[in-house]
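Inspection log for the structure reproduced underneath, given as structure tokens.
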Amino acid sequence: MYRETWAEINLNHIRNNLKNIRESLPRKVKLMAVIKADGYGHGAAECARTAEQVGADTLAVAYLEEALHLRASGITLPILILTPIQPKHVMLALDHDLMLTVASASWFREMRVFKPYTSGKKIQVHVKVDTGLGRIGLQSMKDWDELVPWLKANDIVVDGFYTHFATAGKVDTTFLELQTKRFIDMMEWSKKSDIAIRHYHCAGSVAALRFPELAMDMVRIGAAMYGFYPGKLVSAVKLLPALSLHSKLIQVKKLYRGDYLGYDNMYQADKDQWIGTVPIGYADGWSQNMQHTEVLINGQRANVVGKICMDQLMVKLPGPCEVGTKVTLIGSQGDEQITFAELASHIGSVAQEISTSLTARITRSYINMEEAWIHWEKEKLSYKSKNAVI
Ligand SMILES: *Cc1c(COP(=O)(O)O)cnc(C)c1O
């Protein structure tokens, strides 16, 4: 690492979050750890490995590339791809033992061009139904009836049947209840068609933590494993954010009354003041929407001033500071803390948009990687050299 801007990821927090979530649920409920978008920006392989250590049953990612990356990193747990893959890539997915989401009969028809009934392994699928999010999934019994003959083929295993909630984080639960009712009705279709389904699941983090009775056979935990939970709801389950973000001052100078600072003269000093430059910008995922937020320096809050540049931003210092002084953009210094919730509310979004926006230019530095990992790192390297997937 040459640049002094880094994200620190505390794997013990992820470990404890997952343990606490698991303990809050009935024992028979399986845990699917959602590692999409590079583990919500925390590092997919490291998070997958941590989930494996605490006994996650399955992993989930959004796309085929993400699943292949986990396999190339030596991850052997079952993996579900949450977005339907292109039918022509079915054999690639099978070669890597990936479970596929199915949301239409037409997908099966196209897929059959590439996967003969008799060849190769069984395909494990999870059928996705749309109960109100309006994103992906079967919507009607007619859609289901078209799918059934394809699901009955000998080389198909229906490992799951699932839906996703639109309003799990809303205080008002009316729509959540409507979606639940629709899902229960749709579960009846599958029973009537005499198709064996291994797992029914509907709950992501918030639904699973707020309403453990919705856990069914399995929960899909993303946000909460990284320590994210909507600020307006209170969880009985203890969660700690795993990621903090830090940098160091690379220049300190005095700005005099009337001087401008940054692009477009967006900031003008109303009196003499000290300014520090921090090497992080929008190309790191620290968007211009973060203008007017604060950072921590020497345990005190300092305002970001002027427009955020591509590679740097400027802060108004409480007084003169040494070059090299640590700057915390997310996390704590002394008694002060800058939380994901605070930043998310500033940009009108959710914590996971901030963590997933941090680009690859920001080094991820891991703490509490256990001894066992050193061995795993070696295995991973030898796997990589044998199976160059990407
Ligand atoms: C991303 C995703 C999840 C995880 O949701 P969280 O709220 O982050 O726990 C679960 N299910 C599906 C279908 C998803 O796309």
Side-chain angles (χ1 to χ4, degrees), residues 13-14 17-18 20-22 24-25 29-42 44 47-48 50-51 56-67 70 78-85 98-103 125-138 159-170 175-176 179-180 182-183 186 199-212 214-233 235 237 239 241-243 340-341 344 349-357:
H13 289 186
I14 295 182
N17 292 340
L18 282 172
N20 294 343
I21 294 163
R22 166 148 259 172
S24 75
L25 295 167
V29 175
K30 291 192 180 172
L31 184 75
M32 175 183 273
V34 182
I35 315 283
K36 63 191 178 187
D38 197 29
Y40 289 38
H42 295 64
C47 294
T50 304
D57 300 279
T58 306
L59 302 174
V61 294
Y63 297 112
L64 179 55
E65 279 82 353
E66 296 177 324
L70 289 178
I79 300 176
L80 172 65
I81 304 178
L82 297 164
T83 315
I85 66 166
L98 303 171
M99 297 193 287
L100 305 178
T101 291
V102 170
V125 299
H126 283 232
V127 176
K128 180 84 183 277
V129 294
D130 181 5
T131 51
L133 180 60
R135 188 168 71 180
I136 289 168
L138 308 179
D159 190 66
F161 184 94
Y162 75 111
T163 194
H164 196 48
F165 293 121
T167 62
K170 268 184 121 173
F175 197 72
L176 183 93
Q179 279 195 272
T180 306
R182 286 181 184 158
F183 188 53
M186 289 172 167
H199 307 100
Y200 292 95
H201 50 110
C202 60
S205 293
V206 181
L209 294 189
R210 278 181 86 188
F211 310 107
L214 290 179
M216 298 191 179
D217 299 315
M218 180 150 75
V219 291
R220 305 184 303 269
I221 302 297
M225 76 179 265
Y226 307 102
F228 301 152
Y229 196 73
K232 59 182 184 295
L233 302 172
S235 171
V237 178
L239 301 173
L243 186 149
F340 273 101
S349 184
V350 288
Q352 48 269 49
E353 180 174 341
I354 297 171
S355 69
T356 56
S357 295

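For clarity, every value in this text was computed on a predicted model and none was experimentally measured. As the structure lists them, so they are numbered: ligands from 1, and atoms in each ligand from 1.
Evaluated for a side chain to side chain donor-acceptor pair (under 3.5 Å) with H126, the options T58, T101, D159 yield exactly one hit, D159.
Taking atom 1 (C) of ligand 1 as the reference point, the nearest protein heavy-atom neighbour is K36 NZ, 1.4 Å. For atom 8 (O) of ligand 1, the closest non-hydrogen atom on the protein side is Y40 OH, 2.5 Å. Nearest protein heavy-atom neighbour of atom 11 (N) of ligand 1: R220 NE, 2.7 Å.
Taking a 4.0 Å cut-off on heavy atoms, H126 fails to register as neighbouring ligand 1. Heavy-atom separations between L82 and ligand 1 include at least one value shorter than 4.0 Å. Using 4.0 Å as the threshold, F228 has no heavy atom nearer than that to any atom of ligand 1.
Residue S205 holds the heavy atom nearest to atom 7 (O) of ligand 1 of all those in G137, S205, A60.
Between the CD1 atom of I85 and the CG atom of L100 there is a distance of 4.5 Å, given to the nearest 0.5 Å. Distance CE/M186 to CZ/F161: 7.0 Å, rounded to 0.5 Å. The distance from atom CD1 of I14 to atom OH of Y226, rounded to the nearest 0.5 Å, is 6.5 Å. From L214, atom CG reaches atom CG of L176 across 6.0 Å, with rounding to the nearest 0.5 Å.
Among the atoms of K128, none of the N or O lies under 3.5 angstrom from an N or O of ligand 1. Between A223 and ligand 1, a contact under 3.5 Å exists for at least one N or O pair.
The 12-atom threshold is not exceeded at NZ of K30, counting heavy atoms of other residues, nucleotides or ligands nearer than 6.0 Å.
In terms of modelled atom types and a separation under 3.5 Å, the side chain of D38 and the main chain of A44 share a donor-acceptor contact.
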